[in-house]
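For ligands, and for the atoms within them, numbers begin at 1 and follow the listed sequence. In this text the structure is predicted, and so the values were computed from the model without any measurement. What you see below is based on every heavy atom in this structure, not just the backbone, and it leaves out hydrogens, waters and symmetry mates. In what follows, residues are counted from 1 in the order of the sequence shown.
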Amino acid sequence: MPTIHKFDTVIIGAGGAGLMAALHASRSVSTAVVSKLYPTRSHTGAAQGGIAAALANMEPDSWEWHMFDTIKGGDYLVDQDAAEVLARDAIEAVIELEHMGLPFDRTPEGRIEQRRFGGHTANFGERPVMRSCKAADRTGHMILQTLYQQCIKNKVNFYDEFFVADLIMDAGACVGCVAIEIATGEIHIFHAKSVVVASGGFGKIFKVTSNAHTLTGDAVAAVWRRGLPLQDMEFYQFHPTGIYKMGILLSEAARGEGAVLINGKGERFMEHYAPTVKDLAPRDMISQYIQTEIRAGRGVNGSDYVHMDFRPETINRYRSGPGGRVVTAEHISKTLPDITDFVRVYMGIDPLREPVPIQPTAHYAMGGIPTDNDTRVLDANGRAVPGLYAAGECACVSVHGANRLGTNSLVDLVVFGRRGGRAAAEYAKSAAFGSLPAEPHAEVTAELEQLRNASGSERPAQLRAELQTTMTDLVGVFRNEQGMQQALAKIAELKQRYSDVRIDDRGKIFNSELLETFEVGCLLDVAEATAASALRRTESRGGHSREDFPKRSDTNWLKHTLVSRSAGSGAKPTPAGATLNFGDRPVRLGRFEPKERKY
Ligand SMILES: Cc1cc2nc3c(=O)[nH]c(=O)nc-3n(C[C@H](O)[C@H](O)[C@H](O)COP(=O)(O)OP(=O)(O)OC[C@H]3O[C@@H](n4cnc5c(N)ncnc54)[C@H](O)[C@@H]3O)c2cc1C
């Protein structure tokens, strides 16, 4: 029999969103965090560039400018009341982190130092503004360490290296989750009054990605497998500057410090595309322009990459350093220690002496589990699912719309993680424990047993590799109908083959092969939701750029996409060929009228 645990609030995931939620929930109710990774290994720890807040420590700034930039950056698909919450609360949230002891970089006067980042501007688009608060290029690492310490201090109960495979629902309410203890293979049931999903992104549906190996969308798939919708899945962000072929991220902070993009003809091509902010335009646009340069034969040596140049002499030649100041090699080394090291380690070149080959890399899911501004998960009719909350990259509030601005995810984690923790705790205080269905783990157990003992002919790693190549090639920076039809046919084929897998490890202890196979099933579901939503949206907006529909169409498409599945078990991929249900939700507009984006 599985072990049963009982907590008022259970949080799935120990990244920035999960830990912030845990910290706030644990102030008033019993709280557990269930995480497949040891908390400080979560991907938040890889965040480099910074966290946005209009502190105005370096130059004039205001939360209203931040709100506007977020909405414009998201190509007007952002819910404007949510963007207001993000931009307003960012200031207080960063100060809360500061008071917890987060070691931010400081100005000589002792204020939090800030730097420029793509799409963040002063006075509604006039010029780049310094809004990103940072700890060198290790901001996420510092956030994660700080929050984890605070959670320990607050006696949050941690279940580290527990893999959540399913949600437990009772009469339409969420009453807990089913998890596998990775060390033993034993099943655990977490019975809760409220559950916060904070499981991060799913970049591993792509081949070239900045995301960690673990970002496989399991809990997003769990929500979807319980018949709930996912929102705006077609909007996946490609970050312009991944290390060529490897996808490892070279933060936008590099361009914030003055680095420029150069094509094969030696031109700073962003001057033509975005004359005001140049290399600091939003990511969706820069990724599309890089691809356009490459397609026009202007990649370096005619190849499929361009250069990012952060040599001080180049930065000074273009006067692209912060505030047009002269930049030295020491300054670059001090402000970008990790990413300059990544270039040395992974490419074997010194970025202070040579330009670095880069290409767009799959980076961030704007879409995910739909929620309201209090992180309550919404069903296909827009009603809150009792007891179920979501925050962080897995959620779609939606503050990022069709394209997220750099440094706005870390803000999202702390602002909505905090709201999620508080809302889930409030709910738990007034609600009774729902009843557990008989054998809530039955479907997970059956699926794991089947995978463990199957003697099929397919290797899960092969299926994963084929999925990733398909998504990168056919549902990447540019998309078209034919390519996406092909991608969906391939996903259906991979689903068939998934039912014929074989693994070698039939044991229970640390069976990572088994869990990785389960993850492949989740990737297939999340990729299908992404490709199907992308095929349906016949316009180009933000990160969704269609060759066959190159224009944005506010008349037809100024609305969110909802997609859900109609059939299947709680622990298995949607059957190949099953019909998906689509719906729409209006975008909540406000004071900023949708306009054409110019930078
Ligand atoms: C290389 C890189 C650099 C970035 N730099 C920046 C930046 O400078 N600024 C910025 O704003 N954003 C940045 N981002 C984006 C940002 O870091 C992420 O969007 C954000 O950290 C996600 O946080 P999260 O709390 O939602 O999830 P994560 O930090 O990814 O944590 C997910 C958690 O969920 C748990 N989990 C997942 N699946 C399961 C399961 N099945 N069972 C149990 N637990 C599970 C994991 O164990 C983990 O604890 C960057 C992203 C990357 C990849």
Side-chain angles (χ1 to χ4, degrees), residues 10-22 33-53 90 115 117-118 132-135 137-141 143-144 147-148 158-167 177-182 190 196-204 209-212 214-222 237 239 241-243 247-253 256 283 338-339 342 361-366 368-369 390-395 400 404-414 416-417 420 515 518-519 522:
V10 164
I11 288 150
I12 303 172
L19 294 181
M20 195 71 180
V33 173
V34 185
S35 172
K36 74 175 177 183
L37 299 174
Y38 184 76
T40 52
R41 299 183 76 94
S42 304
H43 191 74
T44 297
Q48 302 167 353
I51 173 166
R115 73 173 146 217
F117 240 80
S132 164
C133 311
K134 35 101 191 186
D137 55 2
R138 305 182 183 118
T139 316
H141 175 89
I143 291 181
L144 208 53
L147 289 176
Y148 185 49
F158 278 95
Y159 291 85
D160 300 336
E161 304 193 340
F162 277 61
F163 185 109
V164 174
D166 197 3
L167 296 178
C177 61
V178 180
I180 304 137
E181 184 178 1
I182 299 175
F190 289 85
V196 185
V197 184
S199 59
F202 42 82
K204 279 288 157 183
T209 175
S210 66
N211 279 202
T214 52
L215 291 171
T216 47
D218 332 326
V220 174
Q237 177 171 84
H239 191 295
T241 58
I243 293 183
I248 296 168
L249 193 74
L250 299 179
S251 168
E252 203 169 309
R283 293 171 178 176
D338 272 8
I339 67 165
F342 291 163
T361 181
H363 184 59
Y364 183 85
M366 273 76 73
I369 306 164
E393 189 171 336
C394 67
H400 307 304
R404 171 176 73 79
L405 292 188
T407 66
N408 261 358
S409 172
L410 293 179
V411 192
D412 177 0
L413 308 184
V414 288
F416 289 96
L515 292 178
F518 189 89
E519 287 173 347
C522 299

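Polar contact check, Lys36 against ligand 1: a nitrogen or oxygen pair lies under 3.5 Å apart. Among the atoms of Ala219, none of the N or O lies under 3.5 angstrom from an N or O of ligand 1. In terms of polar-atom proximity, defined here as any N/O pair under 3.5 Å, Gly406 makes no such contact with ligand 1. Note: an N/O pair closer than 3.5 Å links Val164 and ligand 1 by distance alone. Note: no N/O pair closer than 3.5 Å links Asn211 and ligand 1 by distance alone. For ligand 1, the polar-atom distance check against Phe163 finds no nitrogen or oxygen pair separated by under 3.5 Å. Ligand 1 has no nitrogen or oxygen under 3.5 angstrom from a nitrogen or oxygen of Ala47. Geometrically, ligand 1 and Leu215 share no nitrogen or oxygen pair separated by less than 3.5 Å.
The backbone N or O of His363 sits less than 3.5 Å from a side-chain atom of Asn211, completing a donor-acceptor pair. Glu252 contributes no side-chain N or O that, together with a main-chain N or O of Arg283, makes up a donor-acceptor pair within less than 3.5 Å. A donor-acceptor pair is defined here as one N or O able to donate and one able to accept, closer than 3.5 Å; such a pair exists between the side chain of Thr209 and the backbone of Ala362. Side-chain atoms of Thr361 do not come within 3.5 Å of backbone N or O of Gly242 as any donor-acceptor pair. Judged by distance alone, the side chain of Gln48 and the main-chain N or O of Leu250 form no donor-acceptor pair under 3.5 Å. With hydrogens and angles ignored, the 3.5 Å screen pairs a side-chain donor or acceptor of Gln237 with a backbone N or O of Arg404.
For the side chain to side chain donor-acceptor pair (under 3.5 Å) test, no residue two or more places apart in sequence or in another chain qualifies with Asp137. Shown here are the ring pair (Phe, Tyr, Trp, His ring centres under 6.0 Å) partners of Phe158, two or more places apart in sequence or in another chain: Tyr148.
At the shortest separation from atom 35 (C) of ligand 1 among protein heavy atoms lies Gly13 CA, 3.5 Å. At the top of the distance list for atom 52 (C) of ligand 1, counting protein heavy atoms only, stands His43 NE2, 2.6 Å. The shortest contact between atom 16 (C) of ligand 1 and any protein heavy atom is with Ser409 OG, 3.4 Å.
The contact set between ligand 1 and Ala17, taken as ligand atoms under 4.0 Å from a residue heavy atom, comprises 25 (O). When each atom of ligand 1 is checked for a heavy atom of Asn408 under 4.0 Å away, the hits are 11 (O). Annotation for ligand 1: atoms under 4.0 Å from non-hydrogen atoms of Gly49 are 7 (C), 8 (O). Against a heavy-atom cut-off of under 4.0 Å, Ala14 is close to the following atoms of ligand 1: 33 (C), 48 (C), 49 (O). Under a 4.0 Å criterion applied to the non-hydrogen atoms of Gly16, ligand 1 contributes the atoms 25 (O). Counting atoms of ligand 1 from 1 in the listed order, those under 4.0 Å from a heavy atom of Ala198 are 32 (C), 33 (C), 34 (O). Atoms of ligand 1 found under 4.0 Å from any heavy atom of Tyr364, numbered from 1 in the order shown, are 19 (O). Every atom of ligand 1 with a heavy atom of Leu37 under 4.0 Å away is listed here by number and element: 47 (O).
Within the 4.0 Å heavy-atom cutoff, Ser210 counts among the residues contacting ligand 1. At least one heavy atom of Arg404 lies less than 4.0 angstrom from ligand 1. At least one heavy atom of Val34 sits less than 4.0 Å from an atom of ligand 1. Within the 4.0 Å heavy-atom cutoff, Thr407 counts among the residues contacting ligand 1. Taking 4.0 Å as the cut-off, Lys134 does not count as a neighbour of ligand 1 on heavy-atom distance. The closest approach between any non-hydrogen atom of Asp137 and ligand 1 is not below 4.0 Å.
Of all the heavy atoms in Cys133 and Thr139, the pair that sits closest is O-CG2, 3.9 Å. The minimum heavy-atom distance between Leu215 and Ser199, with the atom names listed, is CD2-O, 4.5 Å.
Looking at heavy atoms from C-beta onward, Pro39 lies in side-chain contact with Asp160 at the 4.5 angstrom threshold.
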Full working for side-chain contact (heavy atoms from CB on, under 4.5 Å) between Tyr364 and His239:
CA-CA 8 Å; Tyr364 183 85; His239 191 295; over 6 Å; no
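The line from CD1 of Ile369 to CD of Glu393 is 11.5 Å long, rounded to the nearest 0.5 Å. Between Ile180 atom CD1 and Asp166 atom CG the span is 9.5 Å, to the nearest 0.5 Å.
A donor and an acceptor atom, one from each side chain of Thr216 and Lys36, are located under 3.5 Å apart.
Residue nearest to atom 49 (O) of ligand 1, selected from Ala221, Ser42, Gly201: Ser42 (by heavy-atom distance). Around atom 40 (C) of ligand 1, the closest heavy atom drawn from Thr216, Asp218, Ile180 belongs to Asp218. Among Glu393, Glu161, Arg41, the residue whose heavy atom lies closest to atom 18 (C) of ligand 1 is Glu393.
Counting heavy atoms under 4.0 Å from ligand 1, residue Phe162 touches it through the backbone alone.
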